[in-house]
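The structure under discussion appears below in the form of structure tokens.
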Amino acid sequence: MPINKIVASFDKAVADIPDGATIMIGGFGTVASTPTCLLEALARKGVKNITTVSNTTGFGSDVWKLMGYKFAEDMDILVRNRLVKKAIVAAPVSTIYQNTFEKLLRAGEVEVDMVPQGTLAERIRAAKAGLGGVYVPTGVGTIVEKGKEKKVINGQTYLLELPIQADFALIKAHKGDRWGNLVYRRTSRTFNATMAGAAKVTIAEVDELVELGQLDPEVIVTPGIYVDRVIARPKDVKVDDKPISQEALESQKRYKERGSA
Amino acid sequence: MPINKIVASFDKAVADIPDGATIMIGGFGTVASTPTCLLEALARKGVKNITTVSNTTGFGSDVWKLMGYKFAEDMDILVRNRLVKKAIVAAPVSTIYQNTFEKLLRAGEVEVDMVPQGTLAERIRAAKAGLGGVYVPTGVGTIVEKGKEKKVINGQTYLLELPIQADFALIKAHKGDRWGNLVYRRTSRTFNATMAGAAKVTIAEVDELVELGQLDPEVIVTPGIYVDRVIARPKDVKVDDKPISQEALESQKRYKERGSA
Amino acid sequence: MSDKFKDKFRLDRQTMALRVAREFQDGDCVNLGIGIPVLASNYVPAGREVIFHSENGVLGFGEVHTAGEGDPDFVNAGGQAVTIIPGTCFFDHHESFSIVRGKHLDISVMGGLQVSEKGDLANWLVPERQIGTIGGAMDLAIGAKRLIIAMNHVTKDNQPRIVKKCSYELTALECVKLVVTDIAVIEVTKKGMVLKEYAPTWTPEEVQELSEPKLIVAPDCKEIEL
Amino acid sequence: MSDKFKDKFRLDRQTMALRVAREFQDGDCVNLGIGIPVLASNYVPAGREVIFHSENGVLGFGEVHTAGEGDPDFVNAGGQAVTIIPGTCFFDHHESFSIVRGKHLDISVMGGLQVSEKGDLANWLVPERQIGTIGGAMDLAIGAKRLIIAMNHVTKDNQPRIVKKCSYELTALECVKLVVTDIAVIEVTKKGMVLKEYAPTWTPEEVQELSEPKLIVAPDCKEIEL
């Protein structure tokens, strides 16, 4: 039988994700690099007590709708539906916007395990590459070293960082084929490409499915062996007409003033 | 001043490599993936007591000339000129051909530090990525674990493998630009791309120099920041007319019989 | 050990490769070592799609060119030129061994020198040669979800390669799942080595005579179907 | 600490960024943090070619689009859309931080909350907020060959940010090489903090009054040239 990793619907793609699962969520923080439709499906399913692994905890769809995005949901959809128990994350909160995660964190309703961004990437790669751990110089002498083994190697101090083992990785790519080969667009590789293959099951949401052989072998970033399921976004999506929250409007103003998130 | 990593000659490219240096040599073992002209320049310079880091120790130009290659030198040119003190290598000897390295090894004239291929790649990457070490499962219970720290993590035993620090990396790529951005051809990425940026100085021999901007940003494999010098091969090279050795002829016969090296 | 079976029928290399290939399931990603294993790519069961990995940085490739032909920049780990097929992709060496070490490969097939009762493998150093090459063998042995060894059942001197404990330098501990030899197919299980199949003209008892550890004869043990 | 300088002249954000940019040498690869640092990309000295890195996976990019414009798949670490230039290349997150952690960047410029005498940096958690974001700050602080901090010299409450010992949560130990503030340029050396430049209308003595550790006044200490 020809290999076919293409699945028919987003709901089917996430159907076997159980309560309590550890789930990697790709992207950097911008919604363009986020597996929006997979997150929406996961929210519909209502999977409980999950642990997420991601760079940010999401800003919420209002922020992105204001910027003109039609696929506007990010990790916030999981947080505000109270599906997240704990987030392993580099950037849990923003300096210009109090997101849902921060509110729940301050209310003691979610846990956070904050990991320096490069260490997060390396721990995810360690899981993918079958390493037992890596010694990183990042975080020595800071809050990050708490509870970690320290080792001096060649005169420099390192922390032992362990692989992050996850059950599922939800990632966003640009194009994919039935073997699971993936290409990305520009800076949307980020944690998407790093997480591909790092969890037991990797599910890729793509802008476009192409025939096997249409991706140039020199250009494929993620070899299909790292990917278990591929699903294409609908060509367009209906944007709900709920009014934009006041908080999101203010956040956008701050963003424009400061020029960055 | 515009950044310009392009150097004028192979001899200039290796001019500052001192005696006793540790030198990574890219490629897999096939001469097509080998920085032939850089190795020739290094042999002309006659740098002494070097430590090499590579996948194989070379088969010698005769073997490759028989197969029709014009750029036919591999690491053997350093070995047979008695420039190598020690080789850190995954595949020091071949089962179908006694190369110069094996002869010198049996004569006690060179040292070998044999490293499993995947561990070799990971130790090289560790140097590039600023890691103090990595725990690998490879080699546990074998000769490879000798002298290494063992650690049980999540019930599995790992060996601590340290980064390989090198002074120079000589690599072969397909195309490069003045910033040092590189692309490779097909399976010739191998250790070339892994070693790029892993040594203090990385020197890339390319088939072709192109103008900045001619390499598609999505296709560049090695970001220029990893590369210090770039030099293009001559369009053609004069093949010397020394007779092919009997050993090389016999090796080719064995290779054809067995279908592989 | 007895050499009374010296002149008995043995599977040839191609037939062993054919038997190995029967293990490939639909969608498997498989790495084939140098020697008998690489021949198995010719015998993928009809209708099954299998993807081959080569540790020099490629996943998904087609037929092997005859020596001297093909693109010198596209070779398998044995140095043979191979062909691009729809789905081929390339990567560098640390990515290639992330695939291996990270347990992404379904099957690795390698040659062997000795396999122990517990599935320990020795396959990189013939003691008489004193010097051997580890190459990627240790990574492939521990990395693949399923390790299959293809080798002759005994040495040229008629010494068993199926042993209680490896006497040669080890490649990895407790890694072998299946051994395909020129006279038998043996599965390594927690209970011990299970004889699943024997070559035509052979009996389980005869295979046992050429094997050091006690073999458990599978209830459905049968002649290898070719 | 004295607030007698409250109404004195200060460099504005753009001017601080301009001063930072003077540090960029020909060929430097530079990462610019959110805030004042990112503004420095507008002030690369004429005739120098500098390559910018952004930790979300790009090396070599051009101007920043105004909000809402540009390609949403091509942004810097602050989420602003940027432009492709000749030489741009993309990579994934672990490669991006190999570049950072592996000491490949020549310069990292970040904002700061406190810098200690020894060059310790605190820049991710304002104690009053209780919750902060580490993001890539710890990696960038230890990874770049040269770390430059751009920050105001004192807090809103007139407390010094140039301190003997950081009281805020640390980002990294002994990492800062140069501090550019709204009133001074200070180099961190093994001997201590060296005052290299002061803002127009200021004196070294006045800068000292707003700094906790004893500053060494450089022999060639001078007014910042703008």
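The chains referred to below are lettered A, B, ... by the order of the sequence lines, with proteins before strands, and numbering in each begins at 1.
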Notebook entry, point to check: Non-hydrogen atoms of chain B under 4.5 Å away: do they reach the side chain of C/Thr171, the backbone, both or neither?
Noted result: backbone
Next item on the list: Go through the atoms of B/Thr30 and report whether side chain, backbone, both or neither lie under 4.5 Å from a heavy atom of chain C.
Entry: side chain
Note to self: Is B/Tyr69 close to chain C through its backbone or its side chain, or both, or neither, when contacts mean heavy atoms under 4.5 Å?
What the structure shows: side chain
Checklist line | Contact winner vs chain B - C/Glu169, C/Glu55, C/Arg129, heavy-atom pairs under 4.5 Å | finding: C/Arg129
Item checked: Qualifying residues under side chain to side chain contact (heavy atoms under 4.5 Å, CB included), relative to B/Thr119, sequence neighbours excluded -> B/Val115, B/Pro116, B/Arg123, B/Val136, B/Thr138, B/Glu161, C/Asp139
Check: Does the pair C/Asp26 and C/Arg48 meet the rule for a salt bridge (charged side-chain N to carboxylate O under 4.0 Å, His left out), with working shown?
Finding: CA-CA 5 Å; C/Asp26 238 349; C/Arg48 291 189 197 164; 6.0 Å; no
Next item on the list: Below 4.5 Å from any heavy atom of chain C, which atoms of B/Phe28 appear? Answer side chain, backbone, both or neither.
Entry: side chain
Notebook entry, point to check: With respect to chain B, which residue among C/Ala137, C/Ser96, C/Gly132 yields the maximal number of heavy-atom pairs within a distance under 4.5 Å?
Noted result: C/Gly132
Checklist line | Between C/Gly57, C/Gly135, C/Ala141, the one whose heavy-atom pairs under 4.5 Å with chain B are most numerous | finding: C/Gly135
Notebook entry, point to check: So what's closer than 4.5 Å to chain B heavy atoms on C/Asp71: side chain, backbone, both or neither?
Noted result: side chain
Next item on the list: Among B/Val93, B/Val221, B/Leu120, B/Thr187, single out the residue with the greatest number of heavy-atom pairs under 4.5 Å to chain C.
Entry: B/Thr187
Check: Side chain, backbone, both or neither: which part of C/Val100 has an atom under 4.5 Å from a heavy atom of chain B?
Finding: neither
Margin query: A side-chain contact here means heavy atoms from C-beta on lying under 4.5 Å apart; do C/Val109 and C/Phe24 qualify?
Written below: yes
Check: Looking at B/Arg106, B/Glu122, B/Arg125, B/Glu102, which makes the most heavy-atom pairs under 4.5 Å with chain C?
Finding: B/Arg106
Check: Does NZ or CZ of B/Arg233 lie under 6.0 Å from the centre of the six-membered ring of B/Phe71, at an angle within 45° of the ring axis?
Finding: yes
Notebook entry, point to check: Using a cut-off of under 4.5 Å for heavy-atom pairs, which of B/Gly139, B/Ser33, B/Pro92 has the most such pairs with chain C?
Noted result: B/Pro92
Next item on the list: Heavy-atom pairs under 4.5 Å with chain B are the metric here; pick the option from C/His94, C/Gln130, C/Met138, C/Glu95 that has the most.
Entry: C/His94
Margin query: Only pairs of heavy atoms separated by less than 4.5 Å count here; which of B/Leu66, B/Ile124, B/Val89, B/Ile143 has the most with chain C?
Written below: B/Ile143
Next item on the list: Evaluate the criterion salt bridge (charged side-chain N to carboxylate O under 4.0 Å, His left out) for residue pair C/Glu23 and C/Arg146; output intermediate values, then yes/no.
Entry: CA-CA 10 Å; C/Glu23 298 296 315; C/Arg146 191 150 181 256; 2.9 Å; yes
Check: Any side-chain donor-acceptor pair under 3.5 Å between B/Thr36 and B/Glu205?
Finding: no
Next item on the list: Check whether C/Ile131 gets within reach of chain B through its side chain, its backbone, both or neither, counting any heavy atom under 4.5 Å.
Entry: both
Margin query: Ignoring hydrogens and geometry beyond distance, is a side-chain donor-acceptor pair present between B/Thr222 and B/Tyr184 at under 3.5 Å?
Written below: yes
Item checked: Part of C/Leu39 within contact of chain B (heavy atom distance under 4.5 Å) -> neither
Note to self: Quiz question: by atom type and distance under 3.5 Å, do the side chains of C/Asp182 and C/His153 form a donor-acceptor pair?
What the structure shows: no
Notebook entry, point to check: What residue among C/Val188, C/Leu215, C/Ile216, C/Ile186 forms side-chain contact (heavy atoms from CB on, under 4.5 Å) with C/Val194?
Noted result: C/Ile216
Next item on the list: Check whether the side chains of C/Ser54 and C/Asn56 place a donor and an acceptor atom closer than 3.5 Å, and report yes or no.
Entry: yes
Notebook entry, point to check: Per the salt bridge (charged side-chain N to carboxylate O under 4.0 Å, His left out) rule, which among B/Lys172, B/Arg185, B/Arg186 passes with C/Asp73?
Noted result: B/Arg185
Margin query: I'd like to know which of C/Trp124, C/Phe61, C/Phe74 tops the heavy-atom pair count under 4.5 Å against chain B.
Written below: C/Phe74
